Amino acid sequence: MLIIDNGHGASTPGKCSPDGRLKEWLYTRRLARAIAAKLEGMNIPCMLLVPGDWDEPLLSRCNRVNGIVRRYGDAVLLSLHTNAAGNGREWCKASGWSVFVAPGAGEGSRRMARALYDEACARSVLGNRATPQGGYWEASYAILRKTVCPAVLTENMFHDNAADVGFLLSAGGFEIIVSLHVSGIARFIAQTQ
Ligand SMILES: [Zn+2]
């Protein structure tokens with residue numbers, strides 16, 4: 001079971017491109033649905049953690065994940081975001097895709113992050129920042145730290161970088177971001193079975 005968290009909801013302030021064309025909550029919902037549809041077509045069961053449009057408090061999302069893990073045992077979590085370098089009112093320079101695990105994360109989280117990184121690398125979406133050596137970043141995000149299953153968080157390019165926003169909103173760019181998740185998750189799940 002892959003649990004997909006769309007991150008923020010429609011009532012999260014900010015979290016959109018300076019020109020207003022890309023809203024993080026809306027874009028990650030589109031991504032979540034497309035990724036789930038493709039994986040289900042490959043017989044990998046998926047669940048959207050927050051199917052509605054509104055914000056679900058972070059702690060309640062963590063509790064929801066842990067409840068699903070208790071029920072299904074072998075669940076893993078993917079949290080989807082778009083990144084920002086500034087306050088969302090100005091265009092910035094940082095660009096590219098990245099994946100995070102919690103400090104002290106287990107082997108499962110690290111292998112899942114690495115599988116996603118390899119697919120991102122193959123699609124040349126890493127942008128202009130220096131990725132840490134293992135291919136993934138560590139950050140103490142609650143959704144990673146307070147959940148009891150393998151968990152990764154992807155920052156899908158920067159919504160305050162003009163070129164990244166153009167890429168994300170193009171049909172080709174959207175497909176690339178979807179396919180890197182589908183291939184990475186499918187490969188990770190195949191390795192664990
Ligand atoms: Zn976010």
Side-chain angles (χ1 to χ4, degrees), residues 2-36 46-65 76-103 105 109 112-113 116-117 120 125-129 131-132 135-147 149-169 173-174 176-178 180-181 184-185:
L2 173 71
I3 306 166
I4 306 179
D5 170 38
N6 322 290
H8 317 284
S11 44
T12 310
K15 312 280 188 193
C16 82
S17 59
D19 61 4
R21 286 196 304 151
L22 191 149
K23 294 181 174 55
E24 179 174 356
W25 71 270
L26 192 57
Y27 194 80
T28 52
R29 273 165 178 69
R30 277 182 62 207
L31 279 180
R33 285 170 196 150
I35 293 166
C46 296
M47 184 181 282
L48 298 182
L49 188 64
V50 183
D53 285 346
W54 297 100
D55 278 336
E56 184 69 32
L58 194 48
L59 201 58
S60 123
R61 280 191 270 144
C62 295
N63 290 337
R64 223 182 255 192
V65 170
V76 297
L77 172 72
L78 167 68
S79 184
L80 296 167
H81 291 257
T82 54
N83 214 339
N87 56 20
R89 288 191 289 275
E90 288 147 21
W91 295 109
C92 298
K93 291 204 163 59
S95 70
W97 183 95
S98 50
V99 59
F100 292 78
V101 302
S109 303
M112 182 152 91
L116 288 165
Y117 165 77
V125 293
L126 295 178
N128 62 12
R129 290 175 313 149
T131 305
Y136 51 83
W137 305 63
E138 291 189 7
S140 192
Y141 296 134
I143 197 78
L144 300 177
R145 205 179 64 236
K146 291 181 190 281
T147 46
C149 59
V152 304
L153 181 151
T154 60
E155 290 282 9
N156 293 284
M157 326 294 283
F158 280 78
H159 62 241
D160 60 2
N161 176 289
D164 277 9
V165 168
F167 172 81
L168 290 169
L169 292 176
F174 181 78
I176 286 171
I177 298 293
V178 169
L180 86 83
H181 287 91
I185 298 286

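This structure is a prediction, so every number in the text was calculated from the model and none was measured. Just follow the structure's listing: the first ligand is 1, and inside any ligand the first atom is 1.
- In this structure, a donor-acceptor pair under 3.5 Å is absent between the side chains of Thr28 and Asn6.
- Remark: at the Zn ion (ligand 1), atom OE2 from Glu24 and atom NE2 from His8 enclose 100°, rounded to the nearest 10 degrees.
- Contact check for Cys62 versus Ile143: side-chain heavy atoms found under the 4.5 Å cut-off.
- If you check the side chains of Trp91 and Asp160, you find no donor sitting under 3.5 Å from an acceptor.
- The only member of Val50, Ile185, Leu31, Leu80 that meets side chain to side chain contact (heavy atoms under 4.5 Å, CB included) when paired with Ile4 is Leu80.
- Between the Zn ion (ligand 1) and the N, O or S atoms of His81, the shortest distance is to ND1.
- Because the distance cut-off is set at 2.8 Å, Glu155 fails to qualify as a neighbour of the Zn ion (ligand 1), as none of its N, O or S atoms comes that close.
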